[in-house]
**Student:** 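Questions regarding the structure given below will be posed in turn.
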Amino acid sequence: MSNHLPNEARVIPLRPHGARPAGAPPRQAPPAPAAKEPLWRDLVGGVLRRERLAQERTLKDVADEARISMPYLSEVERGRKEASSEVLAAAAHALGLNLGDLLTRAQGELTRVGSRYAGAGRRRASTSSHDGLCLAA
């Protein structure tokens with residue numbers, strides 16, 4: 001006699017778990033996910049944070065001088081918020097930079113980090129002698 005309750009369904013696998021049908025090609029590992037290009041807000045936030053730490057200043061000190069709330073500046077530094085140009089300029093000025101300096105540093109970071117994400121066989125679409133991104137502040 002069976003140990004199963006009368007209303008319990010019993011599942012009998014047709015083949016053992018993980019077994020392949022006869023003649024099936026071997027399983028290949030799924031392709032690695034494509035690396036994402038860095039977001040602008042991450043790059044700018046990283047520049048702000050590195051500069052603040054290089055000056056050995058606290059988040060509160062810079063936020064107060066820039067007249068930005070400390071939690072908001074923290075979110076900007078971590079790349080969680082897409083800050084306006086006014087907020088970025090205020091944070092940069094509080095660190096002794098102008099907006100152009102901040103954007104130039106972020107652009108340099110984008111060029112350096114972004115080169116890792118460029119396709120190896122991809123041809124450059126531009127014939128410009130400049131390598132990078134041009135931003136006007």
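Only heavy atoms go into these numbers, but all of them, side chains included; no hydrogens, no water, no symmetry mates. Computed from a predicted model, the values in this text were never measured in an experiment.
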**Student:** Measure the CG-CZ distance between Leu39 and Arg80 for me, rounded to the nearest 0.5 Å.
**Tutor:** 12.0 Å
**Student:** Tell me if a side-chain donor or acceptor on Arg41 pairs with a main-chain N or O of Gly79 at a distance below 3.5 Å.
**Tutor:** yes
**Student:** Should Met70 and Ser74 count as side-chain neighbours, where that means a heavy-atom distance under 4.5 Å?
**Tutor:** no
**Student:** State, to 0.1 Å, how close Leu73 and Ile68 come at their nearest heavy-atom pair, and which atoms those are.
**Tutor:** N-CG2, 4.0 Å
**Student:** Could you measure the distance from the OG atom of Ser85 to the CG atom of Leu103? Nearest 0.5 Å is fine.
**Tutor:** 9.0 Å
**Student:** Excluding sequence neighbours, so at least two apart, what forms side chain to side chain contact (heavy atoms under 4.5 Å, CB included) with Thr104?
**Tutor:** none
**Student:** Which pair of heavy atoms, one from Ala92 and one from Asn98, lies closest together, and at what distance?
**Tutor:** CB-O, 3.9 Å
**Student:** Could you measure the distance from the CG atom of Leu88 to the CG atom of Leu97? Nearest 0.5 Å is fine.
**Tutor:** 11.5 Å
**Student:** Would you mind writing out the side-chain donor-acceptor pairs for residues 43-55 within the sub-3.5 Å range, not counting sequence neighbours?
**Tutor:**
from	atom 1	to	atom 2	distance (Å)
Arg49	NE	Glu77	OE1	2.9
Arg49	NH2	Glu77	OE1	3.3
Arg50	NH1	Gly46	O	3.4
Glu51	OE1	Arg105	NH1	2.6
Glu51	OE2	Gln55	NE2	2.7
Arg52	NE	Glu77	OE1	3.4
Arg52	NE	Glu77	OE2	2.7
Arg52	NH1	Arg57	O	3.1
Arg52	NH2	Glu77	OE1	2.9
Gln55	OE1	Arg57	NH1	3.2
Gln55	NE2	Leu95	O	2.7

**Student:** Enter the distance from Asp61:CG to Glu56:CD here, rounded to the nearest 0.5 Å.
**Tutor:** 12.0 Å
**Student:** For a quick test of reading the model, state the closest non-hydrogen atom pair linking Ala83 to Tyr72 and the distance between them.
**Tutor:** CA-OH, 3.6 Å
